[in-house]
Amino acid sequence: MIYPSISSQNPFATVMPKFYIFPPKLSLSNSKPILCFRHQNSSIIINEPPQPGTRFGNPITVSPSQLYHKKIKKQRAYEERGGVSPAGTRQMLLLCGLGYWVQGFRCFPWLALSFHMAHNLNLSPSTLQLVQNFGNLPMVAKPLYGVFSDALYVGGARRIPFVSIGVLLQILSWGPLALIPLAGESLPTLMACVLLSNLGASITEVAKDALVAEYGQKHRIKGLQSYPFMALAAGGILGNLIGGYFLLKAPSRTMFLVFAILLSHQLAISVTTREESLGLSQLSNNSLARKSISESIRKQFSDLVTAISEESICRPLAWIVASIAVVPILSGSIFCYQTQCLHLDASVIGMSRVISQLVLLSMAVLYDRYWKKIPMRKLIGAVQILYAFSLLLDLALVKQINLKLGIPDEVFALCFSGLAETLAQFKLLPFAVLLVSLCPRGCEGSLTSFLASALCLSSIISGFLGIGLASTLGITSGDYSRLPVGILIQFLAALFPLGWICCIPMSQAVADEERKRGASKRTRRSRRVGRVGFSSVYAYRRERESEPQS
């Protein structure tokens with residue numbers, strides 16, 4: 001075989017072909033150019049002996065490093081067109097999949113915390129529910145975290161650093177509860193740890209939601225929000241499954257320590273993951289230097305207000321928030337009734353939540369496979385009606401109707417106690433998919449965090465309404481005689497949002513058309529303004545040109 005000899009001093013000098021033994025494969029570390037000769041008939045001949053009539057012209061040099069950079073360029077162009085690299089997909093699944101699973105597993109330490117406050121600290125039902133709702137106040141500020149996540153870049157990334165910060169704050173809250181005995185004995189110290197934990201959890205949730213929304217828009221993956229629901233349900237299943245048995249065998253501090261170790265593992269993964277490997281857009285150093293922090297935050301707030309003012313976004317958002325806020329929740333009273341009057345142990349309550357999370361997981365899978373084709377208004381209306389009637393299951397338990405049917409309290413609570421909460425959680429999934437699909441580019445963190453904050457605020461309002469209702473009816477830890485009246489009021493309040501269900505679009509396609517129609521109106525308006533501006537400039541120029549003539 002003929003192989004061209006290459007001079008080490010000048011690789012582009014005149015080349016004389018000789019006979020050589022086939023050399024070893026070239027590597028990128030010792031790359032030399034490969035010379036190709038052009039024949040007279042314009043065909044390319046590589047590593048062949050020169051034929052008669054061959055004319056040596058300018059050699060074409062191809063370096064292996066050039067081939068490597070060309071391959072990298074093709075891969076980047078493929079990712080920009082919406083392709084997903086296998087390495088980026090694996091890192092995304094590991095980072096967000098584990099993150100949402102840990103978020104669902106938070107029920108594991110919270111179950112221990114609820115029993116600790118009810119039995120060790122002897123808190124009343126209203127006080128217990130007040131502590132739980134007051135601890136959710138950091139989640140109301142989620143739009144602020146979302147704006148920071150969209151506007152601020154930490155080391156060239158704007159999602160994963162906030163995930164790490166939120167996980168670190170959770171470690172600093174659950175760690176002292178596990179390692180310092182006095183931290184859980186004093187109510188003010190306990191509340192401080194709860195607030196810090198929910199602050200870290202809210203920051204992490206905002207960053208993960210924005211990361212999933214941006215990843216789905218970048219790679220054109222619709223309905224990606226159903227998979228976080230599945231990971232949440234899977235974490236909740238395991239957390240509630242082993243949480244009840246842990247309470248029977250170990251103290252609450254052991255459960256806090258286990259969750260803190262799990263958070264440390266999540267922190268190690270988030271710190272070692274680079275955001276550019278996920279194929280998301282990065283900001284150059286010139287852009288970072290050109291934009292100030294205040295200017296970026298101001299722009300993100302303006303974009304958020306513009307997005308929320310869209311009719312296709314604000315109407316369904318207002319409905320879902322109002323449908324949650326108008327229902328007074330009696331979760332604290334029902335929890336204390338089950339543990340104090342019915343004497344249900346932690347394993348039964350934990351297993352009831354396991355079943356509810358299994359139902360939630362099944363519903364998320366069914367929605368992703370089949371229910372997305374159902375008109376959104378019909379689906380939400382049916383779920384709201386089922387939610388209202390599921391609240392009456394607590395009434396059957398309080399009135400002991402299950403015993404008349406031959407169903408023990410443990411079995412009834414195991415199967416139906418968490419059904420209402422499951423339907424309330426599933427109702428959020430279609431709205432999350434709708435709003436993410438309508439979210440403008442670059443506003444993923446702001447809009448998803450605003451949705452989460454609005455939902456959290458509505459649940460807090462619902463909880464405080466439940467506290468007020470329990471106080472008005474006189475429901476205390478020693479008197480649950482008026483609890484059936486409160487459950488009936490819950491049922492009627494849950495049917496009330498069906499009166500303005502017209503705010504929900506029939507389908508996602510209709511909402512997309514409304515948004516495009518609104519955007520086209522703004523475009524035409526801006527074009528008209530532009531024509532007026534340019535015409536005034538031309539008129540002013542004609543006047544200036546005619547002045548010397550006059």
Side-chain angles (χ1 to χ4, degrees), residues 98-123 127-129 131-132 134-136 138 166-202 204-205 231-268 331-332 335-336 338-340 343-358 413-414 417-418 421:
L98 178 63
Y100 281 108
W101 185 88
V102 172
Q103 181 180 341
F105 195 76
R106 290 183 71 220
C107 62
F108 178 77
W110 271 98
L111 181 62
L113 188 62
S114 299
F115 271 91
H116 174 71
M117 290 188 294
H119 294 280
N120 297 335
L121 299 183
N122 296 321
L123 299 182
T127 306
L128 175 63
Q129 189 169 344
V131 170
Q132 292 174 345
F134 184 76
N136 291 329
V167 174
L168 180 60
L169 291 178
Q170 293 183 74
I171 295 174
L172 295 178
S173 62
W174 293 106
L177 287 176
L179 301 177
I180 303 176
L182 297 178
E185 302 298 330
S186 175
L187 186 59
T189 309
L190 182 66
M191 280 302 306
C193 293
V194 169
L195 289 173
L196 186 62
S197 172
N198 286 337
L199 175 62
S202 58
T204 304
E205 290 170 10
L232 280 169
I237 289 171
L238 184 61
N240 288 309
L241 181 62
I242 65 177
Y245 294 101
F246 255 84
L247 282 175
L248 298 177
K249 303 296 181 180
S252 303
R253 292 172 52 195
T254 304
M255 301 177 66
F256 301 155
L257 181 61
V258 170
F259 189 66
I261 295 174
L262 185 61
L263 288 172
S264 302
H265 181 61
Q266 183 188 2
L267 179 63
S331 59
F335 177 80
C336 291
Q338 291 178 348
T339 56
Q340 295 176 2
H343 303 289
L344 300 179
D345 57 12
S347 61
V348 174
I349 296 178
M351 284 301 299
S352 68
R353 296 180 179 178
V354 168
I355 294 177
S356 65
Q357 292 295 325
L358 282 172
L414 194 66
S417 180
E421 184 180 356

Colleague: Give, for atom SG of Cys107 and atom CG of Leu113, the distance between the pair rounded to the nearest 0.5 Å.
Modeller: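 So the SG of Cys107 and the CG of Leu113 are separated by 12.5 Å.
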Colleague: Sequence neighbours left out, cut at 3.5 Å: what donor-acceptor pairs do the side chains of residues 183-197 make with other protein atoms?
Modeller:
| unit_1 | atom_1 | unit_2 | atom_2 | d |
| --- | --- | --- | --- | --- |
| Ser197 | OG | Trp174 | NE1 | 2.9 |

Colleague: What's the separation between atom CH2 in Trp110 and atom CG in Asn240, rounded to the nearest 0.5 Å?
Modeller: 14.0 Å
Colleague: Under 3.5 Å, side-chain donor or acceptor atoms of residues 246-268 against the rest of the protein: list the pairs with distances, not counting sequence neighbours.
Modeller:
| unit_1 | atom_1 | unit_2 | atom_2 | d |
| --- | --- | --- | --- | --- |
| Arg253 | NE | Ala178 | O | 3.2 |
| Arg253 | NH2 | Ala178 | O | 3.4 |
| Ser264 | OG | Ala260 | O | 3.0 |

Colleague: On a heavy-atom basis, which atom in His343 and which in Gln340 lie closest, and how many Å separate them?
Modeller: CE1-O, 3.1 Å
Colleague: What are the two closest heavy atoms between Tyr100 and Leu232, and how far apart are they?
Modeller: O-CD2, 3.4 Å
Colleague: Hey, could you give me the CD1/CD distance between Ile355 and Gln357, rounded to the nearest 0.5 Å?
Modeller: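 If I round to the nearest 0.5 Å, the distance is 11.5 Å.
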Colleague: Within the distance-only criterion (no hydrogens, no angle test), does the side chain of Asn198 pair as donor or acceptor with the backbone N or O of Pro138 below 3.5 angstrom?
Modeller: no
Colleague: Atom CG in Leu199, atom OG1 in Thr204: separation rounded to 0.5 Å?
Modeller: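 Spacing of CG (Leu199) from OG1 (Thr204) equals 9.0 Å.
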Colleague: Could you list the residues that satisfy side chain to side chain donor-acceptor pair (under 3.5 Å) with Ser202, not counting sequence neighbours?
Modeller: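 Expected list: none.
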Colleague: Please report the interatomic distance CE(Met351) to CD1(Ile237), rounded to the nearest 0.5 Å.
Modeller: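 Result: 10.5 Å between the selected atoms.
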Colleague: I would like to know whether Gln338 and Ser417 meet side chain to side chain donor-acceptor pair (under 3.5 Å); could you show each step before the answer?
Modeller: CA-CA 10 Å; Gln338 291 178 348; Ser417 180; 3.2 Å; yes
